[in-house]
Amino acid sequence: MGRIKQEKPVFYEELDDRSFRTQESATQPSLYSGYRGERANAPTPSERRFDEPPLMLQVNDRRMARPQERPVNPTEPIPFMNGSFERIAKNLQYLNDTLGDLHSLGIQHDIQLPELVLVGDQSAGKSSLMSGLAGINLPRSGGVCTRCVTHIRVSRHHTWQCRVSLRQKYGFFPPENGLVSPDNVTPGDKFPPWKPVHETTLDFKTLDRPDEIEETLRWAQIAILNPGKSHEQYIPGSGHATIGENAFERAAESTEAKFSPNVISLEIKHPDFADLSFYDLPGVFVRPGNPDENYLVQVVRNLAETYIRHREAIIIWAVPMNLDPMNSTMSKIIEDSNALDRTIGVMTKADLLPKDEGALRQWLTILKGESHVTGHGYYVTSRVPDKTLEDQNRWEDHFFDQNKLWPREFSAYRDRCGLKQLHFDLSDKLGAAFAKSLPTIKKKIVNKLSSLRHQLESLPELPANVELEVRTSLRTFIDLVLSSLRGNEFSSTYQRLGEAFRNCLIAMKPKINVKTDDQIIEIIDDDDTEDQSGPAPNSKRKAAPNTLPSAPTTPSKRARTGNPGPIKREDSYGRMGSVTPGPSAGGPRQGMEAPGPFAEFGPPPTRKLREIRDSIIRHNRAGQPGLVAGAVYEDLCRQALTPWDGPVRKFLHLVMKEISAVVNSALERAFAQLKKRLIYKRAKAIMSLFLKEQKAETEKYLIKTLRIHTRQLFTLNDEEFKQYRRTEENILRRHRHYVRWQMATNELPPKAFAPLETLSAQERDQDEKRRATQMEKMGKDPYETEVDVFGYVRGYYRLASARLTDAVGLILHSDLIPNIEDQLARDLHLDRQLQVFPSGEAGIYDILMSEDEATARQREEVRADVKKFERALESISQLEGRSSLEARDGEVDDDHTVA
């Protein structure tokens, strides 16, 4: 920053020190002594009584407006106001008292309140200005006071009082290595390593003597910067605050944090004080003293911007007259925040104003409102260090009245010079702003209070009769579970799952491709006179069924050796391809895949006739031609049934999922008033474990059942098996026949492969006759045995799948579900696990009614907020009541006026 040469304050050279003796100071009027006769000596809202006589207010406007500024009359009606609020606007004392109450309650973090915010660059004379406005000696050494926010509320009271407290709305979360870099400061994380938390207020110390303030504030700031330690150990007279010499200096050097966005709050009352409430922010700077603190440059700037951007804030900008205002960092922040219209400029250090003509002209231009324009103009102060407040006040009056000390060019602005006039005007501006916004503030408080009360209702207190509430909830839970498991909705869901399981098993029936590429079929014409039992004399066709016959010598007898065209895969309407399950009563038609929840279990790989032949050959016994060994059927059937493990487990999982939904819904409803209590959490855990155990036990039972059904081929239901076998063999033979016919003729009748149940009786008869005629022309199928073997396997699969479907469904429906019902209703499983059956152990209800720490903390926070906003509403109501009382008294006076 550019600096203007500083001169030694003339205070020490040109004033008679005798006028500042201590004994004389005591007899001098205080800064606010003239103010006492103009303001009502009213207590704060918390101490007011409505039976007191009304106190009337007289306000004299001492301000001189800038040429372009219309004077503000705090007593005139404010637009958009009516009724009691308009009358309230006439009483700034009570307004400022009420506004101070609202600020002390901390509601400004939820509802914007008018506030004064003192800002400035580092070394701008802010500390002296703040001390003067507050009427106290504030600490200005050690650098600690520049690392946190201070909120000072001053008001008039018949005795001197001061209460210091710590308002904590940010928690301290340092990184593991303890280092914070400028990169950690982001738009979403403005004050690292501090993060927003629910605000709490800690009482620090209540003082009864002004000389205690400075030391108390020093230690309060140390407490703010050590969030990990109890604040009580830093209260003067206890803990670290009294350990050895230089205790404060040592504590200041070893604080956990170098900066805090939390607030030290001072509520000061004094018989001679005018009403004022303002925030003092750390001065912004460009370079920290320690390179490790570079991040603080932006953090402090963010803090200033946060307060400045409050739309209801009136900004007090301290700008020293011994420095060039063009270099002010705070000026740029205010301008970028669009807050110039809400800013009051305060020229500090007037006694250090350089005497050169350029500097005088520059500051006069600003004071006239011709440059660096602010919405509320500028004031001038001069506070000298190391003097009592009384001495500083008398010095300031003397300084601005002496032309040899204060340039004559500034004499026209005497009414804007001195802390006294600034104090009055700030109080008036703040009260007028509050009066204007009071209707909106009250409405927001009412809405916020309603919302908090509704939130508190969702966090119910402990029931009056705990045991009755618990037993009622448990009985309700059992009734809800039983009624749901036995109800139509659950039964319908279970039925759909069972059907899906059955259809899944049907869709997994083994499949086979009845087309072969190892033979060419020769068609024997009707007029052929050859003996069909053997080859024609000129034919090269071989008798062996597994060899490729040669083509006939005559065109009419030549087999279709060309490509008969692509063989299409059969779909659900029976076109060519691999053979899929045939229809069954109540089941899906051919080709149906596993439905929704079982879609992951697709059809098995399609077998080939050649594979079946290889299996037959592999199990053939010597000397037993034409016989198929029983092991062939055993192996093929076992292979077909092996994939059932997945669907069975899936069926159990889906059923348990539905049961769990029933149980959880019953818990939600039965324990609706106890959901924040330990009993609900414990009941959920008990039922979750219970259902897992039931599932595990049932799963063992199902796997054993599955093993019985798949271990070996077995049935005593001979007639049903024969029916399934005939059906499957007929399907395979029919498909095999038309595959051979297509290979030979490339001909496929339009309805040849339609499912049999879709054909009329006449169409079926025609289909059988057609196949018989064509069979005579093609001869015996060389894979007839393989087709019949696979028809046997498919027939057994259908019998076994129907048998397993019923077995699994019966286990779940008639064993699992009744067992759950019995253990809950008859054995009172949940009651026993909660240890409330039969009578409950000592203290068990207290344990069950305890709540989780987060919920308890949330209730306390919401309850505290409710009380806070109730007090805020009460404070405003008292203000309205006083205004109404004064209005009535005024009407009475009018009625008794004598002409």
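Since the structure is predicted, the reported quantities are computational estimates derived from the model, not experimental observations.
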Mind checking whether [X] and [Y] have side chains closer than 4.5 Å, heavy atoms only?
{"X": "Lys205", "Y": "Trp219", "answer": "no"}
{"X": "Val180", "Y": "Pro174", "answer": "no"}
{"X": "Val197", "Y": "Gln168", "answer": "no"}
{"X": "Ser128", "Y": "Thr348", "answer": "no"}
{"X": "Lys349", "Y": "Leu323", "answer": "no"}
{"X": "Leu179", "Y": "Pro175", "answer": "no"}
{"X": "Ile268", "Y": "Ile152", "answer": "yes"}
{"X": "Pro210", "Y": "Cys162", "answer": "no"}

Let me confirm one number: the [atom1]-[atom2] distance from [X] to [Y], rounded to the nearest 0.5 Å.
{"X": "Asp351", "Y": "Trp395", "atom1": "CG", "atom2": "CH2", "value": "5.5 Å"}
{"X": "Leu133", "Y": "Leu422", "atom1": "CG", "atom2": "CG", "value": "5.5 Å"}
{"X": "Asn226", "Y": "Gln221", "atom1": "CG", "atom2": "CD", "value": "12.0 Å"}
{"X": "Phe400", "Y": "Thr381", "atom1": "CZ", "atom2": "OG1", "value": "6.5 Å"}
{"X": "Glu199", "Y": "Asp865", "atom1": "CD", "atom2": "CG", "value": "8.5 Å"}
{"X": "Cys148", "Y": "Ile264", "atom1": "SG", "atom2": "CD1", "value": "4.0 Å"}

- Query: Are Arg147 and Phe259 in a cation-pi contact, defined as NZ or CZ under 6.0 Å from the six-membered ring centre and within 45° of the axis?
  - Reply: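 That pair does not qualify as a cation-pi contact.
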Answer yes or no: is there a donor N or O on one side and an acceptor on the other, between the side chain of [X] and the main chain of [Y], under 3.5 Å?
{"X": "Ser427", "Y": "Phe424", "answer": "no"}
{"X": "Asp397", "Y": "Arg394", "answer": "no"}
{"X": "Glu256", "Y": "Gly228", "answer": "yes"}
{"X": "Tyr413", "Y": "Val380", "answer": "no"}
{"X": "Asp356", "Y": "Ala359", "answer": "yes"}
{"X": "Ser131", "Y": "Ser127", "answer": "yes"}
{"X": "Asn302", "Y": "Lys190", "answer": "yes"}

- Task: Report the C-alpha distance between Glu267 and Gln161 in whole Å, list the side-chain angles of each, state the deciding distance to 0.1 Å, and finish with yes or no for side chain to side chain contact (heavy atoms under 4.5 Å, CB included).
- Result: CA-CA 8 Å; Glu267 297 181 51; Gln161 294 179 11; over 6 Å; no
In residues 308-320, what donor-acceptor pairs under 3.5 Å come from side-chain atoms, sequence neighbours left out?
from	atom 1	to	atom 2	distance (Å)
His310	ND1	Glu115	OE2	2.8
His310	NE2	Thr306	O	3.3

Between [X] and [Y], what is the shortest heavy-atom contact and its length?
{"X": "Ala304", "Y": "Met330", "result": "CB-CE, 4.0 Å"}
{"X": "Ser382", "Y": "Ala350", "result": "CB-CB, 4.0 Å"}
{"X": "Ala872", "Y": "Ile107", "result": "CB-CD1, 4.1 Å"}
{"X": "Ser265", "Y": "Arg167", "result": "OG-NH1, 3.7 Å"}
{"X": "Pro325", "Y": "Trp363", "result": "CD-CZ2, 3.7 Å"}
{"X": "Phe172", "Y": "Pro227", "result": "CB-CG, 3.3 Å"}

- Message: Using a strict threshold of under 4.0 Å (side-chain N to carboxylate O), is an ion pair present between Glu214 and Arg218?
- Response: yes
- Item | Ionic contact status for Asp336 with Lys332, cut-off 4.0 Å |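 Between Asp336 and Lys332 there is a salt bridge, with a charged N closer than 4.0 Å to a carboxylate O.
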- Query: Taking it one step at a time, do Phe410 and Leu353 satisfy side chain to side chain contact (heavy atoms under 4.5 Å, CB included)?
  - Reply: CA-CA 12 Å; Phe410 292 90; Leu353 172 66; 4.0 Å; yes
- Task: Sequence neighbours left out, what passes side chain to side chain contact (heavy atoms under 4.5 Å, CB included) with Phe285? Give chain and number order.
- Result: Gln122, Pro288, Leu296, Val297, Val300
- Item | Those residues that, when tested against Asp110, pass side chain to side chain donor-acceptor pair (under 3.5 Å) (two or more places apart) |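 Partners of Asp110 by the side chain to side chain donor-acceptor pair (under 3.5 Å) criterion come out as none, since no residue qualifies.
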- Item | Worked check of side chain to side chain contact (heavy atoms under 4.5 Å, CB included) between Arg383 and Asn393 | CA-CA 8 Å; Arg383 313 296 292 179; Asn393 297 337; 2.9 Å; yes
- Task: Could you label the plane-to-plane angle of the Tyr279 and Tyr307 rings as parallel, tilted or perpendicular, counting under 30° as parallel and over 60° as perpendicular?
- Result: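 Taking Tyr307 first and then Tyr279, their aromatic rings sit tilted (interplane angle of 30° to 60°).
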- Query: Using 30° and 60° as the class limits, which term best fits the ring planes of Phe204 and His231: parallel, tilted or perpendicular?
  - Reply: tilted
- Task: Applying side chain to side chain contact (heavy atoms under 4.5 Å, CB included), run through Lys420 and Glu396 and close with a yes or a no.
- Result: CA-CA 9 Å; Lys420 182 192 304 182; Glu396 195 172 51; 6.0 Å; no
